[in-house]
Protein chains: 2
Amino acid sequence: MANSEAESRVRRLRAALDSGRWAPVKRLLASLNPAEVANLLAALPERERNLVWEMVDPADDGQVLLHLPEDVRDGLIRQMDAEELVAAAEELDIDDLADFVDSLPETVTRQVMRALSDADRARLEAVLVHEPDTAGGLMNTDTVTVRPDVSLEVVMRYLRMRGELPAHTDALFVVDRFGVYLGRLPLDRILTREPHQPVAEVMDRDTEALLVDMSDLDVAQEFESSDLVSAPVVGPDHKLVGRITVDDVVDVIRADAEHNLLSMAGVDEDEDLFAPVHLAARRRALWLGINLASAFFAARVVGLFEATIEQVVALAVLMPIVASMGGIAANQIVALMVRGIALGQVGAGNTAALLRKELAVSLINGLLWGLVVAAITSWWFSPTLGLVIGLALLLNLLFAATAGLLVPLLLRRVGLDPALAGSVIVTTITDVMGFFLFLGLGTLILL
Amino acid sequence: MANSEAESRVRRLRAALDSGRWAPVKRLLASLNPAEVANLLAALPERERNLVWEMVDPADDGQVLLHLPEDVRDGLIRQMDAEELVAAAEELDIDDLADFVDSLPETVTRQVMRALSDADRARLEAVLVHEPDTAGGLMNTDTVTVRPDVSLEVVMRYLRMRGELPAHTDALFVVDRFGVYLGRLPLDRILTREPHQPVAEVMDRDTEALLVDMSDLDVAQEFESSDLVSAPVVGPDHKLVGRITVDDVVDVIRADAEHNLLSMAGVDEDEDLFAPVHLAARRRALWLGINLASAFFAARVVGLFEATIEQVVALAVLMPIVASMGGIAANQIVALMVRGIALGQVGAGNTAALLRKELAVSLINGLLWGLVVAAITSWWFSPTLGLVIGLALLLNLLFAATAGLLVPLLLRRVGLDPALAGSVIVTTITDVMGFFLFLGLGTLILL
């Protein structure tokens, strides 16, 4: 729910900035890792962010930029000169660099490419050919491989000669002489088995490699369900092309979760807390505009019943209740569906069963709250009006269940994002139906 | 956004179940790991879930139960007899067992405790004394420790004698003879440094240990920002008490994200897709009831202007527009705030700056959409009514910015969950203000 340490850092930084003393700011920055510095920068208004950014150790620039939300990153990159950007890029791993290159101006990208060694440039290009949201886009090419026929002793000698291993190496990969992936050799097995044993006897053959074009969310699911720290990535010919590490997978999970949370409320997940006002306004305007169209559509429906309202003003007083309850009920289901779709738990296989369940839930809540609304309305206005609103509420909750369930699935089917579009479409439906049912029943029963 | 592999498994399973053939069901189950089986079970209606559960390999029962949403887990546990439950519990690691014990009936818990070895029982109790949402509740006690003064060669001899290491061991922990944590000895350093070097020379002293009472979200933040695979946990005396591994941290991140997504829509995050109807209905009823109270409150405000509406029915037709736009704008900000609070990016330090920014964003969008609404309304009804609605919309968006920003912070301050309560409170405010502003201005200007 909250992160108290990060928050107290923001507070301390603000205090230091407000007092105009730079020494404590620098001390604080020096005590943080790049991800923490990034989080701190994202929490500052633009002017102060730029001030603090100047004080970040240039050796960390690349890592800090990488951990920033896209908006903030782009803002800071615009202020850096080519030389600084090239220096920042040089500090990064190849997979991180691949993410970073997209944010750079074209001329700087070319300079960065030139500054790389031939081998690194080839590795960067190998990653850049893949879409960023696939296993290929996530992977790093820094694999350490061994052959199955050598002994653990030979492997240990090789490792000692080689020196430090890439970060998050929990296993070496075993390949044949054509580079085809055969299995993993976990580091702890090298350490706990007898040195004379050949790799083939010790290696783990059960861990399947990920295909290079697998989606990043499937990769995340695979990591989660198999509790992986790193996984091999292979091409269609089953040749090893790279590896994915858990730290990048955690970023995927976090980003997807933020996407779902913010999309449902109609916010772009790249939006920065302190985005420039004109950018934030433009981004949110679209969503407000769509909602305005939906609201005018609902108003048109209300307009059909102007004559009825003129005779029974109480209908106008009560009509928002039916629409709003439908919206709430439908959005509860949309949220469940967005999670269910993300986990691969809903689809053609169980739609009918789910719909039966949700209609039953809505029937119960419709009867319960329909009675409550009817009772209050009877006391406030009249029993007949109570009957009208109770009935309209019950029917609208049944519509809400149907729409909340089917709209996300339909959007999914036609390739749209249920988290982004689901909520607004479903709310339009429940608003329109809410007004139509209540005012329609009112016209029939009261006039 | 979606998980295609998991979905296709659900489809295949349904096809097999529908055809009544068990062999393909068993084959499918045998090819999945416990987490995947759990995901599949959660996607099935209750009756079919119970059928498939019977076919799961009993050796996996514990792990599968552990990966299930709480509702589903409790449902299956109710059907198992004590003997089966004890057998399932015995397959689990101590930290997993600690999560599992809470779901068990008391009598079974006692049986499980008795079935454990003395050492395991002591370790389980050591975990159970901590709150589940702290580092202590997340940790496992299976640490492998070494002393700083021995050589890597001795460490390797010890490891070979010891045999297999606990899952996700990427480093051993270095402690002094009192058990005080000194640093980590990453496995790859054991393999790449010279065997005669003492541990003290090779170990990583930079990684700080996590305190046992740290919140699980702070732990997750620490893992994310430092890209950890495992981390040592120490008591207040700095003695090593356990370690946390990245797989459990991924679960924390996932659970927190789901909590935020579902809470904002008023759904309990434990709610299972196929929860029994009466349970689902009861859980969602509360939220609908709260919303009903809020809607009646808004209706009371509308009721104040009955006389005005009677004279200008167009006000009734248009009034939902102002309220709805305010709700949308406010919820955009609530979603941003929920994320910002989760990341520790908002607090007293930057509230004023954030408020200035959000008011500016609302001013721009209020002017823009206020003009659009005024223009459409002028054409549909009259220019005076256009002026009223445009002005009301602008003002309501400014209220929306203030409420969307301050309500989550206030809730946070008094210890309530901004994701859960924020959305409903803020929507109540924007509905009430929307009706009040529009109908109030209407009364002043039109009558």
For residues 327-337 of chain B, please give each side-chain donor-acceptor pair under 3.5 Å, one per line with the distance, not counting sequence neighbours.
unit_1, atom_1, unit_2, atom_2, d
B:N331, OD1, B:S423, OG, 3.1
B:N331, ND2, B:G327, O, 3.1
B:N331, ND2, B:T427, OG1, 3.3
B:Q332, NE2, A:G266, O, 2.9

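The CG atom of A:L159 sits 13.0 Å away from the CZ atom of B:R193 when rounded to the nearest 0.5 Å. With rounding to the nearest 0.5 Å, the separation of CD1 in B:I364 from CZ in A:R282 is 10.5 Å.
Under the rule for a side chain to side chain donor-acceptor pair (under 3.5 Å), the partners of A:S263 that lie at least two apart in sequence or sit in another chain are A:H259.
Look at B:E358 and A:R284 and you find a salt bridge, because one of the NZ, NE, NH1 or NH2 atoms lies within 4.0 Å of a carboxylate O, short of that distance. A salt bridge does not link B:R160 with A:E194: none of the charged nitrogens is closer than 4.0 Å to a carboxylate oxygen.
If you tally non-hydrogen atom pairs under 4.5 Å between each of A:L228, A:I253, A:D431 and chain B, the highest count goes to A:I253. Heavy-atom pairs under 4.5 Å with chain B peak, among A:A419, A:A15, A:P320, at A:P320. Considering only heavy-atom pairs separated by less than 4.5 Å from chain B, the leading option among A:V10, A:L187, A:V155 is A:L187. Your options are A:L191, A:V249, A:L17, and the one with the most heavy-atom pairs under 4.5 Å with chain B is A:L191.
Using modelled atom types and a 3.5 Å distance limit, the side chains of B:S225 and A:N39 yield no donor-acceptor pair. In this structure, a donor-acceptor pair under 3.5 Å is present between the side chains of B:S226 and A:N33.
Of the two parts of B:I321, the backbone and the side chain both hold a non-hydrogen atom closer than 4.5 Å to a non-hydrogen atom of chain A.
Side chain of A:N350 to main chain of B:A43: a donor-acceptor pair is present (N/O by atom type, distance under 3.5 Å, no hydrogens or angles).
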